[in-house]
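Below is one structure, written out as structure tokens; the observations come after it.
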Amino acid sequence: MTLRVYNTLSGEKELFEPVVPGKVGMYLCGPTVYKPSHIGHAVGPVIFDTIKRYLSFKGYKVTWVVNVTDVDDKLIVASRETGRTVPEIARDMEKKYVEAMAALGVRSIDQMPRASEHIREIVSHIQQLIDRAAAYVVGGDVYFDVSKDADYGKLSNRKSEEQFAGTREGLVQAAKRNSGDFALWKGAKPDEPPEVQYDSPWGKGRPGWHIECSAMAMRYLGQTFDIHGGGLDLKFPHHENEIAQAETATGKVFAKYWLHNGLTRFNTKKISKSDPDFEKVMESLQLSNLLAKHPPELLRYLIIQSHYRSPIDFSDQALSACKSALDSLYRLLERVERATGADPYSLKVLAEHVRDTGANPPAAELIEAVVRGQVRFLEAMDDDFNTAGAIGVLFEMAGHLNRYLDATRLETNSNEPSRLALQGAAGTFLVLARLLGLLLERPSKRGGDGDAESEKLMGLFIEIRKMARDARQFQIADAIRNRLSEIGFVLEDGQDGTRWRRA
RNA sequence: GGCCGCGUGCCCGAGUGGACUAAGGGAGCGGAUUGCAAAUCCGUGAUUCGUCGGUUCGAAUCCGACCGCGGCCUCCA
């Protein structure tokens, strides 16, 4: 099976062949740490984490770098507004970002270099461009000369000069040779805090927006690496300029594959800083707020349940639909645990291990279905990381497992060959789910950790209700169940007794 | 205005020339099960993939036009 990825550079799906066989270097444009992250900031990391999991599964040794922009206009403004220093704000926001990512299951980032700690690399990168006459100094600023880059615009398909014009209000255009030229180094202004004034051959100042990424990507991944990603909105000018800087400096291909994820939308509109309702909408979409309200895995599921290049429409309805779906997978795991008498995560048996299902047609069918599903799952992932398709397969497998459990009644009867087949099928199911970063943790046992009291209390309710049921006092039994349900505890009567869970 | 992308059942969302009699999820409805529920399972739903043309033996999938939506061209993941 061969992996194909959609490359923005060519506009086509291409066969994935890393620069160095067996190894993959990938770079994702990370956050500017000046204010709390919102749900959209989680999309890239979750997708790249999933990509890294998959590439690792396929045997590649993957190095993943995510930069932290901690020197920037917006940080200076934030510092002015809050009275905190730029590094204080930056470290604080970075910490929150990292915590949010960890909660979402994104724990595989290898390096998170900060721009502020790579000024030397940035300065020498700029110097290279000046030496090659591709950049020029005006006052304390340094600009990249786009006319020196023959294939400038190749990523975003921009050719005409007018499209490069950065006609931002207040910007002095006269200083630039071409309207599309962009800043590599910004000379310090007198009113800017000293902590963002770095020494350079061109006087005190700070890096332009794009240069840190090409400098740090090459520092950690080499002059040519495999995958560069980011949101679709970064294609131009950010990524275009990264390519221009890096390739003009080295004369080599910068990144081989460019992957761009779709943007998160709210009420079918992009979450944009220029939106008048931006602040209000932001509040509800802040990652920290969302993570406080919902299981992190739910957000992750929402993100990967559609293809990474599609936009995601974020809404409460979408979240609750995801919750129902995800809950059913956890219920399945609980059934498996009951039937096998073991924590499904400790089962190291895979479907392909179960060769002999004996004269046991349901078991043979289950194993066959799961093995076939595994192939389809991997095919989907090989097709430009089609996580949506892969999740579809997962649910089909879940259906097979539930049917098998219904048919064999393994939760109440024991039968060794049947149990083995279940273990194998469930083991494979879990391995695949975890490739997507789903079902990473054992279903928190009902009430959750450290909730022994709930366990005892619910046991008591169940016991009393059983007495009522045995006496056929169903009004009492139903009252107990209804009242508990109102408080958020669901009772389920099964063949082997009554179970409870939180709604 | 230029450059991208999208339009699939009630909603979300895969599928990008023939295995599509269009995956999967959510919601609904009917049934099995249950004292009743919940959970699980079964059944049910697009003769059709924005519209109209074209290419082809064959198109949701390719081409063109049109309609609608969104993104970028200014800070943005």
Side-chain angles (χ1 to χ4, degrees), chain A residues 8 11 13 28-32 37-45 47-48 66 72-74 77 153 156-160 162-169 171 180 209 229-238 240 260-265 268-275 278 301-302 305-307 309-313 315 317-318 320-329 331-332 334-335 376 380 383 386-399 401-407 411 469 472-475 477-478 481-482 485 490-495 498-501 503:
Chain A
T8 305
K13 280 183 198 168
L28 177 72
C29 286
T32 300
S37 311
H38 59 71
I39 179 73
H41 292 116
V43 175
I47 287 155
F48 266 61
V66 178
D72 177 87
D73 291 357
K74 293 187 285 292
V77 172
S156 53
N157 262 313
R158 259 156 251 251
K159 289 165 212 86
S160 71
E162 307 85 73
Q163 285 181 52
F164 303 139
T167 47
R168 222 180 148 190
E169 277 178 68
L171 203 85
W209 174 32
L232 211 52
D233 52 351
L234 293 183
K235 215 161 95 178
F236 185 87
H238 186 55
E240 195 68 72
H260 288 100
N261 60 266
L263 302 173
T264 306
R265 303 193 302 187
T268 73
K269 282 267 198 309
K270 178 193 167 192
I271 305 167
S272 168
K273 292 206 169 113
S274 50
D275 194 314
F278 180 67
Y301 180 89
L302 178 73
Q305 140 277 23
S306 62
H307 186 89
R309 275 189 283 117
S310 312
I312 300 168
D313 267 308
S315 67
Q317 297 91 298
S320 73
C322 289
K323 185 178 184 309
S324 303
L326 205 48
D327 280 352
S328 74
L329 296 185
R331 263 181 238 119
L332 170 62
E334 288 172 3
R335 291 190 83 183
R376 287 200 296 132
D383 183 14
N386 185 353
T387 51
I391 285 178
V393 175
L394 232 40
F395 278 96
E396 283 177 25
M397 287 175 123
L401 283 160
N402 271 318
R403 249 165 278 157
Y404 181 75
L405 282 160
D406 283 354
E411 288 158 282
R469 291 181 74 207
R472 305 196 63 80
Q473 306 259 9
F474 293 122
Q475 295 95 321
D478 290 349
R481 188 174 58 199
N482 292 340
S485 153
V490 179
L491 293 191
E492 297 179 350
D493 299 322
Q495 280 139 24
T498 300
R499 283 183 290 274
W500 70 277
R501 63 181 167 86

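Chain letters run A, B, ... following the sequence lines, proteins first, then strands; residues in each count from 1.
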- Start with the C-alpha gap between K13(A) and D383(A), add the side-chain angles, then the distance that decides, and say whether side-chain contact (heavy atoms from CB on, under 4.5 Å) holds. CA-CA 9 Å; K13(A) 280 183 198 168; D383(A) 183 14; 2.8 Å; yes
- For G494(A), answer base if it contacts any base atom (sugar-phosphate contacts may also be present), sugar-phosphate if it contacts only those atoms, and nothing otherwise; contact means non-hydrogen atoms under 4.0 Å. nothing
- Looking for any heavy atom pair under 4.0 Å, which part of the strands does S485(A) touch: base, sugar-phosphate only, or nothing? nothing
- Query: Can you find an N or O donor on one side and an acceptor on the other, under 3.5 Å apart, linking the side chain of D478(A) with the base of rG35(B)?
  - Reply: yes
- Note on the structure: Mate of rC3(B) across any strand shown (Watson-Crick or G-U wobble, both atom pairs under 3.5 Å) is rG71(B)
- Task: Looking at every strand, decide which applies to L491(A) at a 4.0 Å heavy-atom threshold: base, sugar-phosphate, or nothing.
- Result: base
- Could you check R376(A) against I312(A) and say which one's nearest nucleotide on RNA chain B is further toward the 5' end? I312(A)
- Message: At less than 3.5 Å, do the side-chain atoms of D493(A) and the base atoms of rC36(B) form a donor-acceptor pair?
- Response: yes
- Query: Do the side chains of R309(A) and I47(A) get nearer than 4.5 Å, heavy atoms only?
  - Reply: no
- To the nearest angstrom, the CZ-C1' distance between R265(A) and rC72(B) comes to 14 Å
- Message: Between L332(A) and L405(A), is there a side-chain heavy-atom distance shorter than 4.5 Å?
- Response: yes
- Message: On RNA chain B, does the nearest nucleotide to A321(A) precede the nearest nucleotide to N261(A) from the 5' side, or the other way round? Give the residue.
- Response: A321(A)
- Item | Paired nucleotide for rC36(B) [Watson-Crick or G-U wobble; both distances under 3.5 Å] | none
- Query: Which nucleotide in the set rC75(B), rG13(B), rA77(B) lies at the smallest distance from any side-chain heavy atom of S306(A)?
  - Reply: rG13(B)
- Nearest-Å distance, CG (D327(A)) to P (rA39(B))? 10 Å
- Query: Given atom CZ of F236(A) and atom P of rC72(B), what is their separation to the nearest angstrom?
  - Reply: 13 Å
- L232(A) near the nucleic acid: base, sugar-phosphate alone, or nothing, with a heavy-atom cut-off under 4.0 Å? nothing
- What does A318(A) touch in the nucleic acid at a heavy-atom separation under 4.0 angstrom: a base, only the sugar-phosphate, or nothing? nothing
- Message: When you measure only distances, ignoring hydrogens and angles, does the side chain of R331(A) come within 3.5 Å of the base of rA39(B) through a donor and an acceptor?
- Response: no
- On a whole-Å scale, what distance lies between the C1' atoms belonging to rA59(B) and rG15(B)? 13 Å
- Under 4.5 Å between any side-chain heavy atoms of R331(A) and R501(A), yes or no? yes
- Opposite nucleotide pairing with rC41(B), Watson-Crick or G-U, both atom distances under 3.5 Å: rG31(B)
- Note on the structure: In this structure, OG1 of T387(A) is separated from CG of L394(A) (nearest 0.5 Å) by 11.0 Å
- Query: With a non-hydrogen cut-off below 4.0 angstrom, is Q317(A) in contact with a base, only sugar-phosphate, or nothing?
  - Reply: nothing
- Using a heavy-atom cut-off of under 4.0 Å over every strand shown, decide if H307(A) touches base, sugar-phosphate, or nothing. sugar-phosphate
- Task: Check every strand shown and say whether D72(A) touches a base, only sugar-phosphate, or nothing at a heavy-atom separation below 4.0 Å.
- Result: nothing
- C1' gap between rG70(B) and rG30(B), integer Å: 40 Å
- Query: What integer number of Å spans the P atoms of rG25(B) and rC36(B)?
  - Reply: 27 Å
- Item | Sugar-phosphate, base or nothing in reach of S37(A), heavy atoms under 4.0 Å | nothing
- Query: Mind checking the P distance from rG64(B) to rC11(B)? Whole angstroms is fine.
  - Reply: 29 Å
- Spatial distance of atom CG (N157(A)) from atom CD (E240(A)) [nearest 0.5 Å]: 8.5 Å
- Note on the structure: Taken to the nearest whole Å, CG/N157(A) to C1'/rC73(B) is 13 Å
- Query: Heavy atoms under 4.0 Å, any strand shown: does G230(A) hit a base, just sugar-phosphate, or nothing?
  - Reply: sugar-phosphate
- Message: Would you measure the distance from the C1' atom in rU51(B) across to the matching atom in rA23(B) and give it in whole Å?
- Response: 27 Å
- Touch class at under 4.0 angstrom, heavy-atom based, for E396(A) against every strand present: sugar-phosphate
- rA14(B) OP1/OP2 closer than 4.0 Å to side-chain N/O of T387(A): no
- Message: Under 3.5 Å for both donor-acceptor distances, Watson-Crick or wobble: does rG9(B) have a partner, and if so which one?
- Response: none
- Query: With centres under 5.5 Å and planes under 30°, do F395(A) and rG25(B) count as stacked?
  - Reply: no
- Pair of N/O donor and acceptor under 3.5 Å linking rC42(B) base with R403(A) side chain: no
- Message: Tell me the interatomic distance from W500(A), atom CH2, to rA37(B), atom C1', rounded to whole angstroms.
- Response: 19 Å
- Task: Looking only at side-chain atoms of L234(A), point me to the closest of rA77(B), rA14(B), rG26(B).
- Result: rA77(B)
- Query: Looking at the side chain of F474(A), which of rG26(B), rU40(B), rG35(B) is the nearest nucleotide?
  - Reply: rG35(B)
- Would you call F48(A) and N261(A) a side-chain contact if the rule is heavy atoms closer than 4.5 Å? no
- Query: Rounded to the nearest Å, what distance is computed from the CZ atom of residue R309(A) to the C1' atom of nucleotide rG13(B)?
  - Reply: 15 Å
- Taking the side chain of A477(A) as its heavy atoms from C-beta onward, which of rG35(B), rG13(B), rC36(B) lies nearest to it? rG35(B)
- Query: When the distance from NE2 of H238(A) to C1' of rA77(B) is rounded to whole Å, what number comes out?
  - Reply: 10 Å
- Message: I need the NZ-P distance between K235(A) and rU74(B), as an integer number of Å.
- Response: 15 Å
- Do the side-chain N or O atoms of N386(A) get closer than 4.0 angstrom to the phosphate oxygens (OP1, OP2) of rG15(B)? yes
- Give the C-alpha distance, both sets of side-chain angles, the deciding distance and a yes or no for salt bridge (Lys or Arg N to Asp or Glu O under 4.0 Å) between E396(A) and R376(A). CA-CA 11 Å; E396(A) 283 177 25; R376(A) 287 200 296 132; 2.3 Å; yes
- Query: Any side-chain N or O of R335(A) under 4.0 Å from OP1/OP2 of rU40(B)?
  - Reply: no
- Distance below 4.0 Å between N402(A) side-chain N/O and rC41(B) OP1 or OP2: yes
- Message: Does the structure show a Watson-Crick or G-U wobble partner for rA14(B), both distances under 3.5 Å? Name it, or say none.
- Response: none
- Item | Nearest-angstrom distance, P atom, rA27(B) to rC41(B) | 12 Å
- Note on the structure: Per atom distances to the S328(A) side chain, the nearest of rG70(B), rU40(B), rA14(B) is rU40(B)
- Item | Whole-angstrom distance between rG68(B) and rU8(B), as gauged at atom C1' | 15 Å
- Item | Straight-line distance of C29(A) SG to H260(A) NE2, nearest 0.5 Å | 8.0 Å
- Task: Look at the side chain of R469(A) and the base of rG35(B), then say whether one donor and one acceptor between them are separated by less than 3.5 Å.
- Result: yes
- Message: Assess whether a salt bridge exists between D493(A) and R481(A), defined as any Lys/Arg side-chain N lying under 4.0 Å from an Asp/Glu carboxylate O.
- Response: yes
